[in-house]
Undergrad: 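Starting off with a structure, shown below.
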2 protein chains.
Amino acid sequence: MDKNFEKFKKILVDKDYRLTEQRKEILKVFLKYKEKHFNAEELSDILKKRDENIGLATIYRNLELFHRLGILKQLDFNDAFKYYELNLIEKHHHHLICINCDRIIEFNDEALGDFEKNLEDEYGFKIKDHIIKFYGVCKKCAGEDE
Amino acid sequence: MDKNFEKFKKILVDKDYRLTEQRKEILKVFLKYKEKHFNAEELSDILKKRDENIGLATIYRNLELFHRLGILKQLDFNDAFKYYELNLIEKHHHHLICINCDRIIEFNDEALGDFEKNLEDEYGFKIKDHIIKFYGVCKKCAGEDE
DNA sequence: ATCGATGCAAACCTTTTGCATGCAG
DNA sequence: CTGCATGCAAAAGGTTTGCATCGAT
């Protein structure tokens with residue numbers, strides 16, 4: 001079994017939240033597509049295809065819960081939806097968003113440590129997490145312009 | 001008169017948008033509170049206090065317009081609202097968001113250049129803009145915990 | 001058996017839109 | 001004058017909530 005799945009189950013149980021079928025199914029989707037982010041509607045569609053009929057309200061309630069528990073990260077890309085993705089400490093990544101084709105490219109951030117350290121010292125602010133989005137033109141779109 | 005105000009007027013006129021009283025008043029609010037961000041409702045309240053009765057729909061339409069024209073930046077802090085702030089090239093700043101008291105601290109980013117350069121090379125992605133949010137505990141809240 | 005979790009539908013709330021009127025160019 | 005911009009109210013659309021029922025512990 002997935003180590004992360006066990007970890008998340010423990011987080012729920014430790015805080016006296018019940019391990020319902022619905023919660024397990026939602027987590028399984030995120031764990032299958034590790035780096036991907038979903039909004040409530042997208043999750044609902046994926047679960048329907050798996051013949052898991054979970055009400056939208058339940059999905060919303062649990063996305064919010066998982067976010068509060070630190071299991072999921074809440075993202076937004078300035079459209080109408082809230083997106084969520086796994087909050088895995090071992091795989092911190094961010095997004096390059098193409099302003100031409102809306103493609104989203106994930107990248108890892110190892111080089112950010114020093115930058116954060118300086119900020120913490122300067123503002124007396126203890127950084128726990130960050131969300132970084134770079135907007136620009138992706139390789140493909142730049143190529144098509146030529 | 002404010003140099004930026006003239007610049008924004010020129011952007012509108014050059015693209016054949018009309019210089020209405022409402023547009024000028026909205027821009028004036030942003031130019032008065034240079035570093036601050038507002039959502040539509042907050043702007044409406046500020047304008048009401050100035051006895052400028054501008055319809056909410058007009059505010060929404062113009063925030064969107066100014067965003068498309070590059071005059072305003074669109075932000076979000078994972079609540080229900082969209083926020084906007086001046087997009088001044090000379091004063092690029094970002095946000096430290098306290099996860100305890102929701103206080104938002106602005107900081108400038110001069111040290112980000114190298115980081116971006118590396119990303120561009122690695123992914124063939126031409127970066128035009130970025131939005132960076134650091135979540136953590138601010139000085140005040142850290143102090144109160146002790 | 002208890003009480004938190006779910007499902008459904010209705011309510012909510014921010015944002016968008018249609019349409020008649022107003023005003024910048 | 002002409003047609004874009006505004007204001008109002010209504011609609012849209014994502015998210016939240018109330019309540020009866022279900023099911024994890």
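What you are looking at is a predicted structure, and each value in this text was computed from that prediction instead of being measured. Reminder, nothing fancy here: chain letters follow the sequence lines and each chain counts from 1.
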Undergrad: Expressed as a whole number of angstroms, how long is the span from H67(A):NE2 to dT15(D):C1'?
TA: 15 Å

Undergrad: Nearest whole angstrom, please: distance from the P of dT6(D) to the CD of E64(B).
TA: 14 Å

Undergrad: dA24(D) P sits how many Å from D14(A) CG, rounded?
TA: 19 Å

Undergrad: Of all heavy-atom pairs between K73(B) and H130(B), which one has the smallest distance, and what is that distance?
TA: NZ-O, 3.4 Å

Undergrad: When you measure from the side chain of R23(B), which nucleotide among dT6(C), dT6(D), dT17(C) comes out closest?
TA: dT6(D)

Undergrad: Quickly work out the I54(B) CD1 to dC8(D) C1' distance and round it to whole Å.
TA: 15 Å

Undergrad: Can you tell me the distance, in whole Å, between the CG atom of L63(B) and the C1' atom of dA5(D)?
TA: 15 Å

Undergrad: Between dG22(C) atom C1' and E21(B) atom CD, what is the distance in whole Å?
TA: 14 Å

Undergrad: Heavy atoms only, 4.0 Å cut-off, all strands: where does A57(B) land among base, sugar-phosphate and nothing?
TA: base

Undergrad: Y83(A) and ring-ring contact (aromatic ring centres under 6.0 Å, His included): which single residue from F30(A), F77(A), F38(A) fits?
TA: F77(A)

Undergrad: Below the 4.0 Å mark, does dG7(C) have OP1 or OP2 next to a side-chain nitrogen or oxygen of Q22(A)?
TA: yes

Undergrad: Select base, sugar-phosphate, or nothing to describe what N62(B) touches, counting heavy atoms under 4.0 Å on all strands.
TA: sugar-phosphate

Undergrad: Specify the closest pair of heavy atoms between L56(A) and S44(A), including all atoms of both residues, with the distance to one decimal.
TA: CD2-CB, 4.3 Å

Undergrad: Search all heavy atoms of C141(B) against all heavy atoms of C98(B) and return the closest pair with its distance.
TA: SG-SG, 3.7 Å

Undergrad: Can you say whether the rings of Y84(B) and H67(B) are parallel (under 30°), tilted (30 to 60°) or perpendicular (over 60°)?
TA: perpendicular

Undergrad: As a test of reading the structure: which of dT6(C), dC8(C), dA5(C) is closest to the side chain of T58(A), going by heavy atoms?
TA: dT6(C)

Undergrad: If you find the nucleotide of DNA chain D closest to N53(B) and the one closest to R18(B), which residue's nucleotide is nearer the 5' end?
TA: R18(B)

Undergrad: What about R61(A), does its side chain sit under 3.5 Å from the base of dG4(C) through a donor-acceptor pair?
TA: no

Undergrad: Take Y60(B) and L56(A), find for each the nucleotide of DNA chain C with the closest heavy atom, and name the residue whose nucleotide sits nearer the 5' end.
TA: L56(A)

Undergrad: One pair to check against salt bridge (Lys or Arg N to Asp or Glu O under 4.0 Å): E85(A) and K36(A). What are the steps and the verdict?
TA: CA-CA 6 Å; E85(A) 74 182 19; K36(A) 292 241 181 314; over 6 Å; no

Undergrad: State, to 0.1 Å, how close K82(B) and Q74(B) come at their nearest heavy-atom pair, and which atoms those are.
TA: CD-NE2, 3.4 Å

Undergrad: How long is the line joining CZ of F81(A) and C1' of dA12(D), in whole Å?
TA: 12 Å

Undergrad: Within this structure, what is the CZ-to-P distance between F38(B) and dT14(C), rounded to whole angstrom?
TA: 18 Å

Undergrad: Counting side-chain heavy atoms from CB outward, which of dT16(D), dG7(C), dT14(C) is closest to K82(A)?
TA: dT16(D)

Undergrad: Using only side-chain N and O atoms of T20(A), determine if any of them is under 4.0 Å from OP1 or OP2 of dT6(C).
TA: yes

Undergrad: In terms of side-chain heavy atoms of L19(B), which of dA24(D), dT14(C), dG25(C) is nearest?
TA: dG25(C)

Undergrad: Which heavy atom in F81(A) sits nearest to a heavy atom in D76(A), and how many Å separate them?
TA: O-CB, 4.3 Å

Undergrad: Given axes from five pairs at either end, by how many degrees does the helix from dA1(C)-dT25(D) to dG25(C)-dC1(D) bend, rounded to 10°?
TA: 40°

